[in-house]
Amino acid sequence: MADVESSKVEMPDFVDPGGYGEVSGQMAMPGAVGKTEAEEYNTLDEPVRETIMRDLRAVGTKFYHVLYPKEKKALLKEWDLWGPLILCTFLAMMVQGSQEVDKQDGGPEFAQVFVIVWAGAAVVTMNTKLLGGTISFFQSVCVLGYCLLPSCLSLILCRLILIAPPNKILFVIRFFVTCIGFVWATFAAMVFLGDSQPSTRKALAVYPIFLFYFIISWLIISHSNV
């Protein structure tokens with residue numbers, strides 16, 4: 001019995017068979033990794049007012065990038081349809097509202113303008129995808145919708161110009177303002193969507209964009225009379 005006890009070898013408290021040194025430590029709790037990032041994007045418990053203000057700031061930022069189209073990925077990173085919906089509704093209300101006095105000149109109704117804008121954006125987007133565009137359908141609609149901002153601004157200026165007594169010079173001014181909005185909108189859309197097209201097909205992608213904003217500008221210049 002004594003021989004057995006003497007043959008026992010005392011083992012150390014910690015055995016490192018692989019020779020990797022001290023490996024003991026506290027186990028990470030589930031959900032501890034990335035907790036700060038998760039809390040940053042957790043919006044379920046925030047007030048409704050804060051959510052609305054954050055969305056409005058995002059829309060305002062995209063409007064700024066349309067007016068100053070320098071950052072090419074600004075409208076593609078986090079797309080939304082709030083801005084296009086606001087601009088389309090405003091455009092339809094302003095153009096349709098200008099026809100309340102005289103309904104016999106064939107002016108478009110609210111629903112007609114609404115359908116023209118959204119159907120036109122969808123057609124241009126489908127053309128972009130068929131030509132091999134690398135952006136998603138809703139990203140393209142987002143860009144086309146936000147780039148309506150210069151056209152909407154030109155519509156506001158046209159309505160302000162019409163406050164003065166009508167004459168031929170005012171029509172020339174309205175035409176010039178509408179052309180600026182058209183060129184600005186087309187240029188901004190090309191900046192945001194240009195890199196998504198193959199270099200050999202950019203001309204085929206630009207033409208429908210040009211035609212889309214030309215129709216919108218034609219609606220503005222021809223149906224902004226009061």
Between the side chain of Tyr213 and the main-chain N/O of Pro208, is any donor-acceptor distance below 3.5 Å? no
Report the C-alpha separation of Ser154 and Ile220 in whole Å, then their side-chain angles, then the decisive distance to 0.1 Å, and conclude whether the side-chain contact (heavy atoms from CB on, under 4.5 Å) test is met. CA-CA 8 Å; Ser154 66; Ile220 292 173; 3.9 Å; yes
Quick check on the hydrophobic clustering: are Val115 and Leu148 connected, directly or via other members, by side-chain heavy-atom contacts under 4.5 Å? no
Assess whether atom CG of Leu160 is packed by more than 12 heavy atoms of other residues, nucleotides or ligands within 6.0 Å. yes
Search all heavy atoms of Leu87 against all heavy atoms of Gly145 and return the closest pair with its distance. CD1-O, 3.3 Å
If you define the side chain from C-beta out and look only at heavy atoms, does anything of Leu170 sit under 4.5 Å from Leu162? no
Mind checking whether Val172 and Ile180 sit in one hydrophobic cluster, side chains of I, L, V, M, F, W, Y counted as touching below 4.5 Å? no
Testing the basics here: between Gly181 and Pro150, what is the closest heavy-atom pair and its distance to 0.1 Å? O-CB, 3.6 Å
Within residues 130-153 or reaching into it, pairs that qualify as ring pair (Phe, Tyr, Trp, His ring centres under 6.0 Å) - sequence neighbours excluded: Phe63-Tyr146, Trp79-Phe138
Nearest heavy-atom approach of Asn127 to Ala205 is ND2-CA, 3.9 Å
Minimum heavy-atom separation for Ala121 to Phe212, with atom names? N-CE1, 3.5 Å
Would you say Leu144 and Val113 are hydrophobically clustered, going by side-chain heavy atoms of ILVMFWY under 4.5 Å? yes
Tell me whether Trp82 at atom CH2 has more than 12 heavy atoms from other residues, nucleotides or ligands lying less than 6.0 Å away. no
Strictly distance-based, threshold 3.5 Å: is any side-chain N or O of Arg54 a donor or acceptor partner for the main-chain N or O of Arg49? no
dist Cys147:SG -> His65:NE2 (nearest 0.5 Å) comes out at 12.0 Å
So which atom in Ser217 and which in Ser151 form the shortest heavy-atom distance, rounded to 0.1 Å? OG-OG, 4.4 Å
Enter the distance from Ile86:CD1 to Leu91:CG here, rounded to the nearest 0.5 Å. 13.5 Å
Could you tell me the separation between the CZ atom of Phe90 and the CD1 atom of Ile156, rounded to the nearest 0.5 Å? 3.5 Å
Nearest heavy atoms of Cys158 and Thr178, plus distance in Å: SG-OG1, 3.6 Å
Within this structure, what is the CD-CG distance for the pair Gln112 and Leu219, rounded to the nearest 0.5 Å? 10.0 Å
Side chain Arg174, main chain Ile161, donor-acceptor under 3.5 Å: no
Please list all pairs meeting ring pair (Phe, Tyr, Trp, His ring centres under 6.0 Å) that have one or both residues in residues 153-186, counting only residues at least two apart or in different chains. Phe182-Phe210
Treating Ile, Leu, Val, Met, Phe, Trp and Tyr as nodes and any side-chain heavy-atom pair under 4.5 angstrom as an edge, say whether Met93 and Leu85 lie in one connected cluster. yes
Going by side chain to side chain contact (heavy atoms under 4.5 Å, CB included), Leu193 matches just one of Thr125, Val143, Val124, Val206. Which one? Val143
Sequence neighbours left out, what passes salt bridge (charged side-chain N to carboxylate O under 4.0 Å, His left out) with Asp80? Give chain and number order. Lys62
Sub-4.5 Å side-chain heavy-atom contact between Gln139 and Ser136: yes
Let me confirm one number: the CG-CG distance from Leu67 to Leu149, rounded to the nearest 0.5 Å. 4.5 Å
Met126-Leu81 co-clustered via ILVMFWY side chain contacts under 4.5 Å: yes
